[in-house]
Amino acid sequence: MASRDGLLPQDAFHDLVETAVERIIVTEELTDFLGWFSGVVYRRCLLERVSVDAGGAKLLGVHLGRSIWGATPAPHNDFKPVPLPMPGRNQPCFCGSGQKYKRCCAGAPKMPVLNPTELWPMVISALPPKKCKEIVASGQVPVDSLIIAAGDARLEDRPRTAVRFLEAVFGKKIAGKDERYDHALNLICDLYDELGRTRKKLELLDRIRSEVPRSPLRSSAFQRLATIRMDKGDSPGAWDAFREAQRNAPGDPLLGVLEVQLLLAENRSDTARERARFWRKRLMRLNDVAYEGLIEFLTGVIEDPHEALAGVLVEAADGAGQRLLEMVRSINRRPLPRYALIPDSARGHNADPEEAIAKQLRGMGVSDDDIRTMAPKLLEQARDIEPEQTPVDDAQDAHFALEAPKGIQLLEADWRAIFPGDKPFSIDNFPRLPSCLWEADVEEQWMGFLERHPEAFDSIDILDDLATAVEVHPMNDSFGLRESMQQPLILRAIDILRQTIEQADTPDDWILPWSDVDNRPSLRCLYRAQALAEERGDIETARAHAEWLIDLNPNDNHGVRTSLMNICLRTGDNEAAVALAARFPDDMFAELAYGRVLALVRIGRKDMAAEAARHAVDVLPNVRSYLIRKRARQLRLGPHGFALGSKEQAWLYREEMRDLWLAEPEAMELIRRTKPT
């Protein structure tokens, strides 16, 4: 909306127009309106320190007021603007001076031409809610005006109002397919995401896909569908949607970014780099400043694919995690702290008994609210137990625990006072209770602590909390975010653990048991590193982490032996697979029981393989059934995973390993002819 150069600032001019429109909505008398508006203009000129007297302000008010009146789609004229004609040269001037127009205002500077499209958003904003809904639903408001009004409502934090305006753009029948509708689609999809209206978003995308002919609008709908399908793990469906988007808008530069993002979602970093180079070169040839952001993203992918994707995801989450992402880039510049490995028999147990119980519960993932209720009751029960009833652990001297330096322990106490997140319960990766860690005011609280105390990154316990925070980030489903934000945290924890072990004087049979809550942060970080390496396709690192985790904690509470067994079989290390199965002879995981059979067949130990097959089929008969079937219907897993021995366990094992069994017909035939007893 243009202002008169050199007279009023843009904001002041906009406010005057908005004030005038609000008045026009409730009056039908032009003369009364112009008299009122001249006073408003004079007061505004004084406020802005514009050099104009009362007469000049009145003249400006009349001219500007007539321009606004004639362009406003007002209720008194059925929401149709009526431009006011200029008088003839010899007619009385409209300003009320009594002179002829040619001798009065004919030579005055022209007022800016106001477009009704620009004024419609002000009109519907000024109407009572009921009348606003009626006029929006009537179809009288131009598409451009609805889009402007929706943008204003979103800026004013009125997302539901913005959605109502945009839903009117698409109406019962989608009337257009140009860039205005494309902009409206992107805006309404973002709003649907903010409001959690996923079903409404999918319905609109489906309408565009089926009703709109080939166009950039249809391409945008397929681009949205591609990202939705990839987020759901439907990689083939995502690429189908991408190809449809290409057919509808072959030259759209956004397709390059989408292609690279889909490749990164599949962890195809090398291919993503190649395509990023191709698209960057193409965009740079266009020499358009509008593509600078896209070129910057593609450049980042070439340098570090996952870092670039993490930046996009953080931006999509309204900046949640940006400060942590920046801090983790430099944490490895800090020297590693000196932790200690303390045998359980040498640890002090003089702490307040109730606080000791509270610490144990907190480390197990029990919420602070529950701890306050449970700790006194557990202490009372403990006091009722006779000393001779307390079990004695003969291997206590071999049980070790990590102990942080005193300074770090004090820092951890301060951290627990301000960090609202709980530890994950048991071997879960997520806390049981909903988390608010990434709400702006909460993030400010704990991020401010980290920025004031960068030495917090020397604490394995705090590193573990931060890794858990990444697990509950709004974009935590993305491997790129976890690779860039979580991996530096857990690798630093692992480096501290490794240095501590190398410098410690321990017996040959020492362990770091999961049952000791002081060990859980480091073991959980090692487990997360193993899972990330496997997801990344770095099998060598994944295997090393899994073997180390089982050595440290032979009970293998996290069950990484299943991943390790599959890695051994896929890399052809059958002897290692047999040895691993021997460490867990009564295991109820299909990977161990059936993996042992496959490995023994491969190395020619037929008698042992037959015995192993009888055991596997007896304890897990459903796995046999699903392995030998030519086809098997996909089963839906419940929220808590699967039960050992269930059909869901059998189906998952079939999906993961049946290709190796088909490659060993002798092993498959052995399982086929071995019947459960």
Side-chain angles (χ1 to χ4, degrees), residues 117 133-151 153-154 159-266 275 279 294 312 316 477-478 633-634 636:
T117 300
K133 290 181 180 180
E134 291 176 359
I135 194 65
V136 168
S138 71
Q140 287 182 261
V141 186
V143 168
D144 290 340
S145 303
L146 287 169
I147 295 173
I148 294 170
R154 189 185 189 191
R160 289 175 175 79
T161 301
V163 164
R164 189 168 66 249
F165 293 155
L166 292 168
E167 287 178 339
V169 170
F170 294 99
K172 293 183 179 179
K173 183 178 180 181
I174 301 174
K177 59 179 183 178
D178 55 38
E179 61 183 12
R180 298 174 303 159
Y181 286 84
D182 190 21
H183 175 62
L185 174 64
N186 288 318
L187 184 55
I188 195 172
C189 284
D190 290 343
L191 287 163
Y192 279 148
D193 288 339
E194 290 176 16
L195 296 171
R197 299 180 182 178
T198 304
R199 183 178 60 82
K200 298 278 285 185
K201 179 177 71 171
L202 291 174
E203 287 174 354
L204 177 59
L205 294 175
D206 192 57
R207 283 184 59 204
I208 293 172
R209 184 177 60 173
S210 58
E211 297 177 18
V212 177
R214 180 174 176 176
S215 62
L217 174 62
R218 197 163 183 267
S219 176
S220 291
F222 275 109
Q223 289 181 48
R224 287 271 179 175
L225 286 170
T227 58
I228 291 170
R229 291 172 180 175
M230 185 58 78
D231 288 343
K232 290 183 176 179
D234 180 11
S235 183
W239 285 108
D240 287 344
F242 172 77
R243 285 186 283 271
E244 285 292 338
Q246 276 186 314
R247 279 191 280 270
N248 280 268
D252 187 353
L254 289 176
L255 287 169
V257 174
L258 177 59
E259 181 184 13
V260 170
Q261 289 175 336
L262 294 181
L263 290 168
L264 290 176
E266 294 181 324
R275 298 304 293 166
W279 283 104
L294 303 183
V312 172
D477 287 341
S478 168
R633 180 176 59 86
Q634 179 175 351
R636 180 176 296 179

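Counting from 1, the numbers follow the sequence of the chain as shown.
Scanning all heavy atoms of the two residues, the minimum distance from M230 to S235 falls at CE-OG, 3.8 Å. When all heavy atoms are compared, the tightest approach of G176 to L217 is O-CD2, 3.6 Å. Scanning all heavy atoms of the two residues, the minimum distance from I147 to L187 falls at O-CD2, 4.4 Å.
The CZ atom of R197 lies 13.0 Å from the SG atom of C189; values are rounded to the nearest 0.5 Å. Rounded to the nearest 0.5 Å, atoms CG (L225) and CG (D240) are 11.0 Å apart. Residue Q223 holds its CD atom at 11.5 Å from CG of L205, rounded to the nearest 0.5 Å. The distance from the CG atom of L254 to the CD atom of Q261 is 9.5 Å, given to the nearest 0.5 Å. Atoms CG and NE2, on D178 and H183 in that order, are 12.0 Å from each other to the nearest 0.5 Å. In this structure, CG in N248 is found 9.5 Å from CG in L255, a value given to the nearest 0.5 Å.
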- request: Any chance you could lay out the salt bridge (Lys or Arg N to Asp or Glu O under 4.0 Å) test for R199 and E203, step after step, and finish with the verdict?
  value: CA-CA 6 Å; R199 183 178 60 82; E203 287 174 354; 2.6 Å; yes
- prompt: Step by step, would you call I148 with F165 a side chain to side chain contact (heavy atoms under 4.5 Å, CB included)?
  reply: CA-CA 9 Å; I148 294 170; F165 293 155; over 6 Å; no
Q. Between R224 and N186, is a side chain to side chain contact (heavy atoms under 4.5 Å, CB included) present by the stated rule, with each step listed?
A. CA-CA 9 Å; R224 287 271 179 175; N186 288 318; 3.7 Å; yes
Would you please test I228 and T198 for side chain to side chain contact (heavy atoms under 4.5 Å, CB included) and show each step? CA-CA 10 Å; I228 291 170; T198 304; over 6 Å; no
(request) Take V136 and K133 through the test side chain to side chain contact (heavy atoms under 4.5 Å, CB included) and record every step on the way to the result. (result) CA-CA 5 Å; V136 168; K133 290 181 180 180; 5.9 Å; no
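Sorted by first then second residue, the ring-ring contact (aromatic ring centres under 6.0 Å, His included) pairs that include residues 230-255, not counting sequence neighbours, are W239-F242. Identified under the side-chain hydrogen bond (donor to acceptor under 3.5 Å, both in side chains) test for residues 161-177, with sequence neighbours left out: E167-Y192.
Looking at T117, its side chain never comes within 3.5 Å of a backbone N or O of S145 through a donor-acceptor pair. Checked by atom type and distance alone, the side chain of R229 pairs as donor or acceptor with a backbone atom of G237 at under 3.5 Å. Of the possible polar contacts, none joining the R154 side chain to the A162 backbone as a donor-acceptor pair under 3.5 Å is found.
Between Y181 and I208, the closest side-chain pair of non-hydrogen atoms is not below 4.5 Å.
Under the 4.0 Å criterion applied to side-chain N and carboxylate O atoms, E244 and R209 are not assigned as salt-bridge partners. The pair K232-D477 does not meet the salt-bridge criterion, since no charged nitrogen lies less than 4.0 angstrom from a carboxylate oxygen.
Enclosure of atom CZ in R160 is not indicated, since only 12 or fewer non-hydrogen atoms of other residues, nucleotides or ligands lie within 6.0 angstrom. When the shell of 6.0 Å around CD of E266 is examined, it contains more than 12 heavy atoms from other residues, nucleotides or ligands.
Residues satisfying the ring pair (Phe, Tyr, Trp, His ring centres under 6.0 Å) criterion with W279, sequence neighbours excluded, are absent altogether.
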